[in-house]
Amino acid sequence: MSSSRRIAHLDMDAFFASVELLRYPELRGRPVVVGGRRVPAPEGNVGNRVFGRLGDYVGRGVVTTSTYEARAFGVFSGMGLMQSARLAPDAVLLPADFEAYRDYSRRFKQAVLSVVPVIEDRGIDEIYLDLTEFDEPSAVIADRIKQAVRDATGLSCSIGISPNKLLSKICSDLDKPDGLTVLLMSDLADRIWPLPVSKVNGIGPKATQKLKSLGIESIGQLAQVPVGELQSQFGAHYGRWLHEAAHGMDDRPLETSRQPKSLSRETTFERNLHVRHDRTELTAIVDNLCLRVADDLQRKSLACRTVGLKVKFADFSVVTRDVSVQVPLQGARQLREALADCLKRIDWHDRIRLLGVRASGLTDQQDVLSQPSQLDLWRT
DNA sequence: TCTGGGGTCCTAGGACCC
DNA sequence: TCTGGGGTCCTAGGACCC
C-alpha cells in the first residue's frame, strides 16, 4: 500500500459564475445564476447594462451553476430554472458561455502545472495533483498553487490534501471558498466519519437512499457495517468498494492522460415532438446531430465502429439503440445511414423530449485511411 | 410549462467460438 | 456424449460525475 502518498484535489470555486463576475464586476455580492438558453441581447444603454432577471425566465433548462449568494436562496446546480425562479426571482440570470469557461480552465491548469508537474485532469474545473515528491509542508505548496491560479485568472480555488484521491476530493469541499484542508489518516474518524455518505464521490442519490433505508446515514455508520452485509445488499464489487471508501482506503493512481471512449451530441426540444406530426422537424434534428458528431470526430481525427441513438420521451423514460459496423465510420451521411437501423427498433410510444446521437468504439482516423479499399466511403 | 449536455463505468444476457 | 465452461463481442439500461 502506498500510504505515504500525498495527493491534492483542487476545485475552482463556483467556477462558471466566478468567470462571469470577472466580466461583470458590478454583479459581485448579488445572487447570480448561470444557465438556460441564450436569449437575444437585452436592449440596455451602453454603460447601463440590463441583465436577465431569473424571475422573468420562461422555458426549459436547468441551473448550470450559481454564486454563493444565490445558493443562500436554495438555488443549486441541476435545479430547474422555473423552480429556481420561484426561490430567487430577483437573482441575475446569465447564459452559459462555455467558450470563456474553457479558456479560463486552460489558464488555471497551466498555472498549476507551473508549480506541480503531475496533474490529472478531472474536467473543466477540477484536477488532482501529486505532491508526494515535494519536501515542503502541504500548506506552503497549497499557498503557492493558489497564488499561481489567482495571478493567472483572478479566481480562487479550494484544495484538499490527503493520502489519496477519495479523501482529498472530500476535503476540498470542506472549506469553500478559497479553502485548504489537510487530512491525515489519523484524522479519519474525527473529520470524515461524521459526514453524510453522499459526500463520498461515487455514492449518488440512489445509493444514499438505499443506505438510509438500512439506517446508514453517516460515513462512520457505513464503516461499522460488515463488508459481507454491504456485498449482499449492493453486490460484491460495489459492496466492497463502499466498505473501503468508508475506511478512507483508495489506491487509485493519478491518470495523467486518457483517450476518449465515446463522443455524443444531444438536444432537448422547446416542446415535445410527435413522431408522425413533427416528422420533418425530427428528421432535420437527427441530421443536424449527425453533422455535429461527424464534425467532432473530424476535428479529433477519429472514426467510430458503433453509432447510437438516444430518445427521451415526455415521461422522461430513456431508450437507447446502437449498431456496430465492421468498417469505422466518420462522415455525417454514414452515421445517418447506420442510425436508420436504430430508428426502426424503437417503440415510439409517447411524445419525444430529446434526441441524441453517440459515437463509440472510437479508432484513429489514420487506421481507417490506411485501408485503401475503403477510401471511397469517405465521400459524403 | 419542474428536471441540460457531456461523459465514464458496471451489469447482465445472448451470440459465437474454441 | 457429458449439455460442460471459458473468453469476447454486442446491446440495453442504469448509476454516477462535472
Side-chain angles (χ1 to χ4, degrees), chain A residues 9-12 14-16 33-38 57-65 75-87 95-96 98 101-102 105 120-128 165-166 169 172-173 197-211 234-242 245 252 255 258-272 289 292-293 296 300 305-326 341-342 345-347 351 353-362:
Chain A
H9 180 257
L10 182 154
D11 196 87
M12 298 299 288
F15 184 50
F16 300 171
V33 172
V34 177
R37 294 176 197 271
R38 190 167 294 279
Y57 185 83
V58 176
R60 296 181 163 166
V62 298
V63 173
T64 303
T65 193
V75 175
F76 297 97
S77 304
M79 179 180 282
L81 279 171
M82 296 300 286
Q83 185 190 350
S84 66
R86 285 193 289 276
L87 295 171
F98 284 95
Y101 310 149
R102 274 191 288 269
S105 179
E120 173 181 336
D121 199 323
R122 288 302 303 187
I124 198 160
D125 70 341
E126 58 184 78
I127 50 177
Y128 288 103
K165 287 160 71 168
L166 183 103
K169 168 79 178 170
S172 67
D173 192 47
V197 291
S198 57
K199 291 286 180 187
V200 176
N201 198 244
I203 302 182
K206 297 284 180 182
T208 299
Q209 200 49 48
K210 181 162 178 181
L211 285 166
F234 293 91
H237 186 257
Y238 193 64
R240 169 157 293 281
W241 178 82
L242 281 173
R252 289 171 301 163
E255 290 185 40
R258 51 187 306 166
Q259 291 296 108
K261 299 248 189 333
S262 70
L263 194 154
S264 68
R265 292 286 180 170
E266 63 184 53
T267 185
T268 297
F269 317 138
E270 293 290 349
R271 62 179 181 93
N272 296 336
L289 290 168
R292 292 169 67 195
V293 170
D296 293 339
K300 296 172 190 239
R305 280 207 51 231
T306 302
V307 191
L309 183 75
K310 171 177 170 179
V311 182
K312 187 186 279 183
F313 291 98
D315 64 359
F316 275 79
S317 62
V318 174
V319 169
T320 62
R321 293 290 180 271
D322 49 50
V323 61
S324 296
V325 295
Q326 284 301 310
D341 187 65
C342 299
R345 282 144 54 202
I346 289 186
D347 171 24
R351 283 179 183 267
R353 181 183 177 88
L354 166 151
L355 281 180
V357 172
R358 164 163 45 249
S360 55
L362 302 180

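A note on names: the letters A, B, ... follow the listed sequences, proteins ahead of strands, and every chain is numbered from 1.
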(request) Mind checking A/Arg345 for me? I need base, sugar-phosphate or nothing, with any heavy atom below 4.0 Å counting as a touch. (result) sugar-phosphate
(request) Could you verify whether a donor N or O on one side chain and an acceptor N or O on the other, from A/Thr208 and A/Ser198, lie under 3.5 Å apart? (result) no
(request) Of all the heavy-atom pairs spanning A/Ser84 and A/Val63, show the shortest one and how long it is. (result) OG-CG2, 3.7 Å
(message) Let's test your reading of the pairing rules: Watson-Crick or G-U wobble, both distances under 3.5 Å, then write DNA chain C as a dot-bracket string with ( ), [ ], | and dots.
(response) ....||||||||||||||
(message) For a quick check of understanding: with a heavy-atom distance under 4.0 Å over all strands, which category does A/Glu255 fall into, base, sugar-phosphate or nothing?
(response) nothing
(message) Please tell me if A/Thr320 has a side-chain N or O lying less than 4.0 Å from either OP1 or OP2 of C/dG13.
(response) yes
(message) For the P atoms, the ones on C/dG7 and on C/dT3, what distance do you get once it is rounded to whole angstrom?
(response) 22 Å
(message) Need one value for A/Val319: base, sugar-phosphate or nothing, where a base atom within 4.0 Å counts as base even if backbone is also close, heavy atoms only.
(response) sugar-phosphate
(request) Let me know the distance between CZ of A/Phe269 and C1' of B/dG4, rounded to the nearest Å. (result) 13 Å
(message) Nearest to the side chain of A/Phe316, heavy atoms from C-beta on, is which of B/dT3, B/dG5, C/dC18?
(response) B/dT3
(message) Please identify which of these residues, A/Arg252, A/Arg258, A/Lys169, A/Lys165, meets the salt bridge (charged side-chain N to carboxylate O under 4.0 Å, His left out) condition with A/Glu120.
(response) A/Lys165
(request) Have a look at C/dT1 and give me syn or anti from its glycosidic angle (syn if within 90° of zero). (result) anti
(request) Could you tell me whether the phosphate oxygens of B/dG4, OP1 or OP2, come under 4.0 Å of any side-chain nitrogen or oxygen in A/Arg60? (result) no
(request) Check whether any side-chain N or O of A/Arg351 sits under 4.0 Å from OP1 or OP2 of B/dT1, and answer yes or no. (result) no
(message) Can a donor-acceptor pair be found, under 3.5 Å and without considering hydrogens, that links the side chain of A/Arg305 to the backbone of A/Val325?
(response) yes
(request) Remember a base hit wins even if backbone is also touched, and classify A/Lys210 as base, sugar-phosphate or nothing at under 4.0 Å, heavy atoms. (result) nothing
(request) Give the rounded distance in Å between these two atoms: CG of A/Asp322 and P of C/dA12. (result) 5 Å
(message) If the cut-off is 4.0 Å, is A/Arg305 near the phosphate of C/dC10, judged by side-chain N/O to OP1 or OP2?
(response) yes
(request) Return the nearest nucleotide to the side chain of A/Ser262; candidates are B/dG7, B/dC9, C/dC18. (result) B/dG7
(request) Check every strand shown and say whether A/Arg265 touches a base, only sugar-phosphate, or nothing at a heavy-atom separation below 4.0 Å. (result) sugar-phosphate
(request) Identify whether any heavy atom of A/Arg353 sits under 4.0 Å from a base atom; if not, whether one sits that close to sugar-phosphate; answer base, sugar-phosphate or nothing. (result) sugar-phosphate
(request) Would you confirm whether A/Ser105, through its side chain, and A/Tyr101, through its main-chain N or O, come within 3.5 Å as a donor-acceptor pair? (result) no
(request) Give a yes or no on whether a salt bridge exists between A/Glu270 and A/Arg60, defined as a side-chain N under 4.0 angstrom from a carboxylate O. (result) no
(request) Assign each of A/Ser264 and A/Gln83 to its nearest nucleotide of DNA chain B by heavy atoms, then name whichever residue's nucleotide is nearer the 5' end. (result) A/Gln83
(request) In whole angstrom, give the distance that lies between atom CG of A/Asp121 and atom P of B/dG7. (result) 14 Å
(request) Could you check which of B/dG6, B/dT8, C/dA12 has an atom nearest any side-chain atom of A/Arg258? (result) B/dT8
(message) Are the side chains of A/Asp11 and A/Asp173 in contact, using a 4.5 Å heavy-atom criterion?
(response) no
(message) Using the C1' atom as the point on both nucleotides, what is the distance between C/dG4 and B/dC17, in whole Å?
(response) 15 Å
(request) May I ask you to say whether A/Asp341 pairs ionically with A/Arg345, meaning some side-chain N is under 4.0 Å from a carboxylate O? (result) yes
(request) With heavy atoms under 4.0 Å as the rule, sort A/Val293 into base, sugar-phosphate or nothing. (result) nothing
(request) Please work out if A/Lys169 contacts a base, only the sugar-phosphate, or nothing of the nucleic acid, heavy-atom cut-off 4.0 Å. (result) sugar-phosphate
(request) Decide, applying a 5.5 Å centre-distance limit and a 30° plane-angle limit (both strict), whether A/Tyr238 stacks on B/dC10. (result) no
(message) From CG of A/Leu362 over to C1' of B/dG7, roughly how many Å is that when rounded to an integer?
(response) 12 Å
(request) On DNA chain B, check which nucleotide each of A/His237 and A/Lys261 is closest to and give me the residue with the more 5' one. (result) A/Lys261
(request) Measure the distance from NZ on A/Lys165 to P on C/dC16 and round it to the nearest whole Å. (result) 19 Å
(request) Would you tell me if any nitrogen or oxygen in the side chain of A/Ser324 comes within less than 4.0 Å of OP1 or OP2 on C/dT11? (result) yes
(message) Any base atoms under 4.0 Å from A/Thr64, or only sugar-phosphate, or nothing? Heavy atoms, all strands.
(response) nothing
(message) Could you report the tightest heavy-atom contact between A/Cys342 and A/Arg321, atom names first, then the distance?
(response) SG-O, 3.5 Å
(message) I want to check one thing: is the phosphate of C/dC18, taken as OP1 and OP2, less than 4.0 Å away from some side-chain N or O of A/Asn201?
(response) yes
(request) Describe the nucleic acid contact of A/Leu81 in one word from base, sugar-phosphate, nothing, applying a heavy-atom distance below 4.0 Å. (result) nothing
(message) If the condition is side-chain hydrogen bond (donor to acceptor under 3.5 Å, both in side chains), which residues does A/Asp322 pass it with, not counting sequence neighbours?
(response) none
(request) State which of B/dG4, C/dT11, B/dG6 makes the closest approach to the side chain of A/Thr268. (result) B/dG4
(request) Kindly say if A/Lys312 contacts the phosphate of B/dG4, meaning a side-chain N or O under 4.0 Å from OP1 or OP2. (result) yes
